[in-house]
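Taking it in order: structure first as C-alpha cells, then the write-up.
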Amino acid sequence: MIEKLSADARGRLSEELALWSLVDGRDAIKRTVKFKNFSEAWGFMNQVALAAEKLDHHPEWSNVYNRVDIVLTTHDCSGLSERDLKLARIIDKLAP
C-alpha cells in the first residue's frame, strides 16, 4: 500500500524541490517548464512519459506551445507520496 508523505518529508519539499510548489486545495505539487518552441516541449514530454511509464506513475499535465504544466499527486493514497518526489526529481533532471 502506498502511503502519504510524512510530516518530515513535507517539511523538506521546498528545499529538495525548489522549482515545485503546492497546489491550492489539493495534496499535490506543480511546476511549469518553458521551452524555445513546441518541438522542444514535446520532446521533453516524451522523455518524461518514458520515465513515468517505468515508474508506473503518471503526471497530470498539459502543453500549450512552448509551455508544459505538470501536477503530481498519487491517486492510490489521495495525496503526495514518495512516488511523486521520485518523478519530480527525474523531471528536474530532464528539464532545461
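What you see below is based on every heavy atom in this structure, not just the backbone, and it leaves out hydrogens, waters and symmetry mates. For reference, positions follow the sequence shown, starting with 1.
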Shortest non-hydrogen contact between Asp84 and Gly79, atoms and distance: OD2-O, 3.7 Å
Keeping to residues at least two apart or across chains, list the ring pair (Phe, Tyr, Trp, His ring centres under 6.0 Å) pairs with something in residues 1-45. Phe35-Phe44, Phe38-Trp42
I'd like to check the side chain to side chain donor-acceptor pair (under 3.5 Å) partners of Thr32; sequence neighbours left out, ordered by chain and number. Asp69
hydrophobic_cluster_shared for Leu55 and Ile2, side chain cutoff 4.5 Å: no
Assess whether side-chain contact (heavy atoms from CB on, under 4.5 Å) is satisfied between Ile90 and Val48, documenting all intermediate values. CA-CA 8 Å; Ile90 291 169; Val48 172; over 6 Å; no
Quick one: name the residues clustered hydrophobically with Val71, using the 4.5 Å side-chain heavy-atom rule over I, L, V, M, F, W, Y, and just say none if it's on its own. Val23
A quick test of your reading: do over 12 heavy atoms of other residues, nucleotides or ligands sit less than 6.0 Å from CG of Asn37? yes
For Arg26, the salt bridge (charged side-chain N to carboxylate O under 4.0 Å, His left out) test, sequence neighbours excluded, returns Glu60
Sequence neighbours excluded - salt bridge (Lys or Arg N to Asp or Glu O under 4.0 Å) pairs with any residue from residues 6-15: Arg10-Asp27
All pairs passing ring pair (Phe, Tyr, Trp, His ring centres under 6.0 Å) where residues 51-96 contributes a residue, at least two apart: none
Is there side-chain contact between Val33 and Arg67, with heavy atoms separated by less than 4.5 Å? no
Before you tell me yes or no, could you show the steps for Ile70 and Lys30 under side-chain contact (heavy atoms from CB on, under 4.5 Å), namely the whole-Å CA-CA distance, both residues' side-chain angles and the distance that decides it to 0.1 Å? CA-CA 5 Å; Ile70 308 163; Lys30 65 181 177 178; over 6 Å; no
CG (Asn46) and CG (Leu94) are apart, to the nearest 0.5 Å, by 11.5 Å
Tell me, please, which residues at least two apart from Asn66 pass side chain to side chain donor-acceptor pair (under 3.5 Å). none
Going by side-chain contact (heavy atoms from CB on, under 4.5 Å), name the residues that satisfy it together with Glu3, two or more places apart in sequence or in a different chain. none
For Thr74 and Ser81, the nearest pair of non-hydrogen atoms, with its separation, is OG1-OG, 2.6 Å
side-chain contact (heavy atoms from CB on, under 4.5 Å) filter on Leu22, not counting sequence neighbours, yields Leu13, Ile29, Leu80
Can you name the salt bridge (charged side-chain N to carboxylate O under 4.0 Å, His left out) partners of Glu40, sequence neighbours left out? none
Grab the two heavy atoms, one from Ala9 and one from Glu82, that are nearest each other, plus how far apart they are. CB-OE2, 4.3 Å
Please identify each residue that fulfils side chain to side chain donor-acceptor pair (under 3.5 Å) with Thr73, with sequence neighbours left out. none
Going by the rule side chain to side chain donor-acceptor pair (under 3.5 Å), which residues pair with Arg31 if we only count those two or more places apart in sequence or in a different chain? Asp92
